[in-house]
Trainee: 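Structure below; questions to follow.
Note that ligands are numbered from 1 as they come in the structure, with each ligand's atoms numbered from 1 the same way. We're numbering straight along the sequence, starting at 1. As the structure is a computational prediction, the values presented were derived from the model and not from experiment.
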Amino acid sequence: MPIVIAIDGPAAAGKGTIAVRLAAELGLAKLDTGLLYRGVGFGVVANGGDPENVADALDVAKNLDPAILDNPALRSDEAAQAASKVAVIPEVRSQLLDFQRQFAKNPPLLAGGDAPSGAILDGRDIGTTVCPDATAKLFVTASVEVRAERRYKELLERGHEAIYARVLEDMNERDARDKGRDASPLASADDALVLDTSEMSVDEAYAKALEFIQSRMSA
Ligand code: DC
């Protein structure tokens, strides 16, 4: 059985950074599942549709080309908000489920052409819904103020104009939608290691994550 690592948590908690480092260390193929939802949300808006409309969102989800996942436009906050709206729709979630499970089951070759030792998926419902039998599950979180501060600084560094209060408001709005939806809400699996990175460095969080995964791999 290939190794499957599930990492869930709210936006800007640090799960993406931890996932990149774990993938490199353990030779895992990595899937950022938020990009799938961003691809759908962005596609709906680009078509002039409404991300809260089931037919509009499902149409894009059914025809999603994985090549769009490399589009830098998916990284914008507009794409994030649209993603969190289409992610509420159960039909959209089930449409994207198969791709994620196939990735976990048959991870693609690594960039250098080597066979991966397994897969690492990060998102909101990987440990609870997509891969409930994952080898190890992590729930990476941080206070909303710390996450908004990180996102605010990131926007400024990328040369965008940003207002902290607005970033905090957007973060709260997205958290409420991600946690409050009926279909696979953002939640920690019972058997996940919870890492609160509010007062932790990236190195510290990564070290704790790696130690936990290695303990699960040898269990
Ligand atoms: O991780 P992210 O910020 O790129 O995710 C964008 C949105 O996609 C997030 O607000 C909720 C949704 N999402 C989800 O519902 N389930 C996932 N597994 C991943 C993301």
Trainee: Taking only heavy atoms of S84, which atoms of ligand 1 are found under 4.0 Å from at least one of them?
Mentor: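 The list of qualifying atoms is 10 (O).
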Trainee: Do side-chain atoms of T135 reach the backbone of I5 as a donor and acceptor pair under 3.5 angstrom?
Mentor: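 Here the side-chain-to-backbone pair does not exist.
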Trainee: Taking distance alone, with no angle check, do T33 and ligand 1 share an N/O pair under 3.5 Å?
Mentor: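 N/O-N/O distance below 3.5 Å exists for this pair.
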Trainee: State, yes or no, whether a side-chain contact exists between K85 and V45 at a heavy-atom distance under 4.5 Å.
Mentor: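 They are not in contact (no side-chain heavy atoms under 4.5 Å apart), so the answer is no.
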Trainee: In terms of residue, atom name and distance, what is the protein heavy atom nearest to atom 7 (C) of ligand 1?
Mentor: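 Looking at atom 7 (C) of ligand 1, the protein heavy atom closest to it is A83 CB, 3.6 Å.
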Trainee: Closest non-hydrogen protein atom to atom 8 (O) of ligand 1, residue and atom name please, with distance?
Mentor: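 Going atom by atom, the protein heavy atom closest to atom 8 (O) of ligand 1 ends up being Y37 CB, 3.4 Å.
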Trainee: So, the side chain of D8 versus the backbone of G127: is there a donor-acceptor pair under 3.5 Å, distance only?
Mentor: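 Flag set: sc D8 to bb G127 pair under 3.5 Å.
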Trainee: For atom 16 (N) of ligand 1, what's the nearest protein heavy atom and its distance?
Mentor: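 Protein heavy atom with the smallest distance to atom 16 (N) of ligand 1: R93 NH2, 3.0 Å.
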Trainee: Could you tell me whether R174 approaches ligand 1 through its side chain, its backbone, both or neither, with non-hydrogen atoms closer than 4.0 Å?
Mentor: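 The answer is the side chain.
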Trainee: Donor-acceptor check, side chain of R181 to backbone of A183, threshold 3.5 angstrom: yes or no?
Mentor: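 A pair under 3.5 Å: yes.
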Trainee: Just going by heavy-atom distances, which of R181, R38, K15 is nearest to atom 4 (O) of ligand 1?
Mentor: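 Heavy atom nearest to atom 4 (O) of ligand 1 belongs to R38.
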Trainee: Are any non-hydrogen side-chain atoms of V88 and E52 less than 4.5 angstrom apart?
Mentor: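 Of all side-chain heavy-atom pairs linking E52 with V88, none is under 4.5 Å.
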Trainee: Under 3.5 Å, side chain of T141 to main-chain N/O of D196, donor-acceptor pair present?
Mentor: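 Such a contact is absent between T141 side chain and D196 backbone.
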Trainee: Any nitrogen or oxygen of R124 lying under 3.5 Å from a nitrogen or oxygen in ligand 1? Just yes or no.
Mentor: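 Yes, R124 has an N/O under 3.5 Å of an N/O on ligand 1.
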Trainee: Can you find a side-chain donor-acceptor pair between R124 and T129 that sits under 3.5 Å?
Mentor: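 Per modelled atom types, R124 and T129 side chains form no pair under 3.5 Å.
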Trainee: Considering non-hydrogen atoms of the protein only, which is the closest contact for atom 12 (C) of ligand 1, and what is the distance?
Mentor: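 The protein heavy atom lying closest is A87 CB, 3.7 Å.
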Trainee: Is there a heavy atom in Q81 that sits closer than 4.0 Å to ligand 1?
Mentor: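 It does not, in that no heavy atom of Q81 comes within the 4.0 Å cut-off of ligand 1.
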Trainee: Provide, to 0.1 Å, the distance between atom 11 (C) of ligand 1 and the closest protein heavy atom, together with that atom's residue and name.
Mentor: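 Here the closest protein heavy atom is D178 OD1, 3.3 Å.
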Trainee: Is the closest basic N to carboxylate O distance between D170 and R166 below 4.0 Å?
Mentor: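 Yes.
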